[in-house]
Amino acid sequence: MPSKIYRYIAFFAILFLSYSSSFAQQINKDGKGICPNSSLRLYVDNPDDYSGFSWQQFDVSSQSWSANVNGVGGGSDLNITESGRYRLYAIRKSDKARVSFPEVTIVDLAAPISEITPAVATNQICKGNSLDLNANISPGVFYNWLRNNQPMNAYYNKTSISATEEGVYVLRVDDINTNCYTYSAPYTITYFPLQQPVITPVPTVCGVSTAGFNLSVNYAGGTFRGSGITNTSMGFFSPQDAKVGTHKIFYSLPQNNSCPNLEDSVQIVVKDPQVTLTSSTGGTDFCNGQPASLQATTGFVSYEWSQNSTILSEVGSKLTITSDADYKVKVSDGECSAEKLFTAKFVNQVQPKITNIPSVCGLNHTAVPLEGTPIGGTFTIDGTTATQFDYAKLGVGKHTVNYEVRGTLSCLNGVANQDVIIHEIPKIEFARTEFMWKGSSVVLQSNYTDPTYLYTWTPNVALSDPKIPTPIANPTATQTYTLKVESPFSSNCSDEKSVDVVVFEKIWIPDVFTPNGDGFNDTWELTNITAYPNAEVRVFNRWGEIAYYSYGSYGGFDGTYNGNVLPMGSYTYHIIPFPDHPELELKGTLAIFR
């Protein structure tokens, strides 16, 4: 008994669950109703749990359900375009049971109003002007403006717009509550027909001195303005007034219907290329044999060089030149050209010369004007600027005259010089009478040794050279020599004077004697000493102490001093034959042996 009860309970539970699931299903819709000229989608949840869908629509005229549903689909979804009552049958896949979905009622919805009202009743505007378009004001709606079917995002949800361009304007109004929308009737705006001025382009003007010209435009009646325009109605452009540069010229043309003037513009480029030529020397002269070149202004597109009208192969901005010629360069910037002429002259190295200035004897001579070639140089004498050589002021001696020529080129620079000697009138002086030992020699010398003078010694006896200022004389007996000094620059410029050379017999001095009393070589004998009655004789020991002294007639040295015998050894002697001529002193050593 209990088991039967359980079986019944299970059966009814299954049956309840089956029917309860059918009641849980319902028809859904994706909107509140059908908007005008629109549709509504009906659909069910969990469509994969069912099959064999059958939609039905209630027919009001027959008061019955019709399977001829006014919609698109027929599966789990149905798009309908009419309001009314709809229901759905389907087969549940789990138990193959036929399930009925509760019917739904679909209503028609009202579309919002969408109208465009212009602020001014017109469909034409001037280009550059605007026309306000206003929407109808309704609560609970949203506004979307379109121009030529493209959203005007700048006017999103605005009740009015300012239309500045021609085109077709449409207003879409969306009902926030029903999601229904309406497009307004299109409102077309066009521009008033305009005369768009167009200025004929002008090619680049080469040179500010080019003649002016009138600009050409497709519509007359406007005015021109801009740099270089000297006649605003004719559009006369003056390159000289405009000057070099890029000039923007405007043409303003009045329009009909009081529309704003329309403008066009054109750019006029005025060029006046200027080429300069500079040389490697900075001038028109060049030195032969030295590098020379011409440099044109850089930055041009092309260069054409010519020499005496003959086109050269060089196409750069620099040209090497080597000879006198007319050189010309023609340059171009791609549109305009310019040329420059340069006349080159090549010169040789200058060789300055000084008009000879004579060397003289004495100071009584007329000053000599300083002259040199080429002219234009500067004279200096001993480093001081001068215009004449004044013997009296300059005085005796050698004076260097320089003539310096300076030019703009190194080859135009040069220096010439000349040494001018002003000799003094000779006046010979001898310092003293010359004394010499017989068999020796003496140098004859006056106060003149200048090699530019002429020297003559007479007689030409026992002289090394009678034509030099300091000959060597070695006479065997006393001799008088006469010197004549002559200037080579004047026959009246000379002097003569004599000098005596006194020759003395030579004193023979032994270097050893033996004062031992053997009667042989016991005294120091001085041969010929008697010829010098005023002779002075001194003998010194090795400590510099006097060991013997004699003045006047020499009596002989016997190896004693003050009666004391001097020890053997080496002694020094000093013999002065002439006290007035100490330069003739005789010196030496002697030895005493016993």
Side-chain angles (χ1 to χ4, degrees), residues 126-129 164 191-279 282-284 294-309 311-312 314-319 326-344:
C126 296
K127 187 175 182 180
N129 288 354
T164 59
Y191 291 142
F192 283 113
L194 300 176
Q195 292 178 320
Q196 179 61 51
V198 177
I199 305 175
T200 302
V202 177
T204 297
V205 178
C206 295
V208 293
S209 59
T210 302
F213 51 88
N214 290 324
L215 298 177
S216 177
V217 68
N218 58 340
Y219 292 109
T223 55
F224 292 87
R225 72 178 189 279
S227 177
I229 295 297
T230 59
N231 187 314
T232 58
S233 60
M234 298 296 293
F236 186 82
F237 180 81
S238 169
Q240 187 171 8
D241 290 334
K243 297 182 173 44
V244 173
T246 300
H247 309 282
K248 193 169 186 179
I249 307 302
F250 296 89
Y251 179 68
S252 180
L253 181 66
Q255 302 294 311
N256 296 324
N257 305 302
S258 300
C259 289
N261 293 4
L262 292 184
E263 284 191 344
D264 187 31
S265 64
V266 67
Q267 282 191 339
I268 301 179
V269 177
V270 178
K271 293 183 176 181
D272 195 12
Q274 298 293 321
V275 60
T276 59
L277 279 179
T278 56
S279 70
T284 58
L294 300 180
Q295 176 66 58
T297 308
T298 59
F300 288 101
V301 174
S302 65
Y303 295 82
E304 179 184 276
W305 292 91
S306 63
Q307 179 179 354
N308 293 335
S309 302
I311 302 299
L312 302 176
E314 179 60 53
V315 294
S317 63
K318 188 175 182 179
L319 177 69
D326 287 332
Y327 295 92
K328 184 167 68 175
V329 65
K330 182 178 181 181
V331 300
S332 173
D333 61 6
E335 293 179 310
C336 301
S337 62
E339 5 180 275
K340 190 71 173 181
L341 181 66
F342 188 97
T343 300

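Along the sequence shown, residues are numbered consecutively beginning with 1.
Here Asn256 pairs with nothing under the side chain to side chain contact (heavy atoms under 4.5 Å, CB included) rule; sequence neighbours left out.
For residues 230-276, every residue pair satisfying the disulfide (SG to SG under 2.5 Å) rule, not counting sequence neighbours, is listed here: Cys126-Cys259. Within the structure, every pair that satisfies the ring-ring contact (aromatic ring centres under 6.0 Å, His included) test and touches residues 225-258, not counting sequence neighbours, is listed here: Phe213-Phe237, Phe224-Tyr251.
Asn308 contributes a side-chain N or O that, together with a main-chain N or O of Asp326, makes up a donor-acceptor pair within less than 3.5 Å. Not a single donor-acceptor pair under 3.5 Å links the side chain of Ser332 to the backbone N or O of Val301. Within the 3.5 Å criterion, the main-chain N or O of Val198 finds a donor-acceptor partner in the side chain of Asn218.
Side chains of Leu215 and Ile249 form a contact here, defined as non-hydrogen atoms less than 4.5 Å apart. Residues Val270 and Thr210 fail the side-chain proximity criterion, which asks for heavy atoms closer than 4.5 Å. Contact of the Arg225 side chain with the Glu263 side chain is registered, since non-hydrogen atoms from C-beta on lie closer than 4.5 Å. Inter-residue side-chain proximity for Asn261 and Leu253 is flagged as unmet; no heavy-atom pair is nearer than 4.5 Å. Val217 places none of its side-chain heavy atoms less than 4.5 Å from the side chain of Asp264. Contact check for Val329 versus Val275: side-chain heavy atoms found under the 4.5 Å cut-off.
By the neighbour-count criterion of 12 heavy atoms within 6.0 Å, atom NZ of Lys328 is sparsely surrounded, having that number or fewer from other residues, nucleotides or ligands.
If you take CG on Leu277 and OG1 on Thr343, they are separated by 10.5 Å, rounding to the nearest 0.5 Å. We find the CG-OG1 distance between Leu294 and Thr278 to be 8.0 Å, quoted to the nearest 0.5 Å. To the nearest 0.5 Å, atoms CD (Glu314) and OG (Ser306) are separated by 12.5 Å. Between the CG atom in Leu262 and the CD atom in Gln195 there is a gap of 9.0 Å [rounded to 0.5 Å]. Remark: Ser227 OG to Lys248 NZ distance equals 14.0 Å, nearest 0.5 Å. Within the model, atoms SG of Cys206 and CG of Asp272 stand 9.0 Å from one another, a figure rounded to the nearest 0.5 Å.
Smallest separation of non-hydrogen atoms from Gln255 and Pro260: CG-O, 3.3 Å. Of all heavy-atom pairs spanning Phe342 and Ser279, the tightest one is CZ-CB, 3.9 Å. Heavy-atom minimum distance, Thr298 versus Ser317: CG2-OG, 3.8 Å. Nearest heavy-atom pair, Gly222 versus Pro254, reported as atom, atom and distance to 0.1 Å: CA-CD, 4.1 Å. Contact record, Lys127 with Leu194: CB-CD1, 3.4 Å, taken as the closest heavy-atom pair. Here the closest heavy-atom approach between residue Phe300 and residue Gln274 is recorded as CZ-O, 3.8 Å.
For Ser252 and Thr223, the side-chain atoms include no donor-acceptor pair closer than 3.5 Å. A donor atom on one side chain and an acceptor atom on the other are not found under 3.5 Å apart for Asn214 and Ser216. Side-chain atoms of Ser209 and Gln240 form no donor-acceptor pair, as typed in the model, at a separation below 3.5 Å.
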